[in-house]
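Just below is one structure, and these are the notes that go with it.
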Amino acid sequence: MTVTPVRSQKGDVVGVVVVAQDITERKRSDEALREAEERYRLIFENASDAIITFTLDSKIVSMNPKPRP
């Protein structure tokens, strides 16, 4: 929600403009993204196989840790 004062030519506040926006869906999307990132991170960090991501020119972007015995 934002509140903006409306001023007269003298600078006196003569009203306000209030804008309210429902962000419920955005909050749900943000939470779903956080949960998916956490699942990916757990898989990435605990996989017994190597997981490596590369750029298109073959530079390593990320590599999971060495598996634990």
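Just so it is clear, the model here is predicted, and its values are computed rather than measured.
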Report, one line per pair, each donor and acceptor closer than 3.5 Å where one atom sits in a side chain of residues 32-44; sequence neighbours left out.
residue	atom	partner	partner atom	Å
Arg34	NE	Glu31	OE1	3.3
Arg34	NH2	Glu31	OE1	3.1
Glu38	OE1	Arg41	NE	3.2
Glu38	OE1	Arg41	NH2	3.3
Glu38	OE2	Arg41	NH2	2.6
Arg41	NH1	Glu45	OE1	2.6
Arg41	NH1	Glu45	OE2	3.4

| Val16/Val6 under side chain to side chain contact (heavy atoms under 4.5 Å, CB included): CA gap, chis, key distance, verdict | CA-CA 5 Å; Val16 293; Val6 176; 5.7 Å; no

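A continuous path of ILVMFWY side-chain contacts below 4.5 Å connects Val14 to Val19, so both sit in one hydrophobic cluster. Placement of Phe54 and Ile51 in two distinct hydrophobic clusters is found when ILVMFWY residues are connected by side-chain heavy-atom separations under 4.5 Å, directly or transitively. Under a hydrophobic-cluster definition in which Ile, Leu, Val, Met, Phe, Trp and Tyr are linked whenever side-chain heavy atoms come within less than 4.5 Å, directly or via other members, Ile23 and Met1 are assigned to different clusters.
Within the structure, side chain to side chain donor-acceptor pair (under 3.5 Å) contacts touching residues 7-18 (residues at least two apart or in different chains) do not occur. Sorted by first and then second residue, the pairs that involve residues 51-61 and meet side chain to side chain donor-acceptor pair (under 3.5 Å), not counting sequence neighbours, are Thr53-Ser62, Thr55-Asp57.
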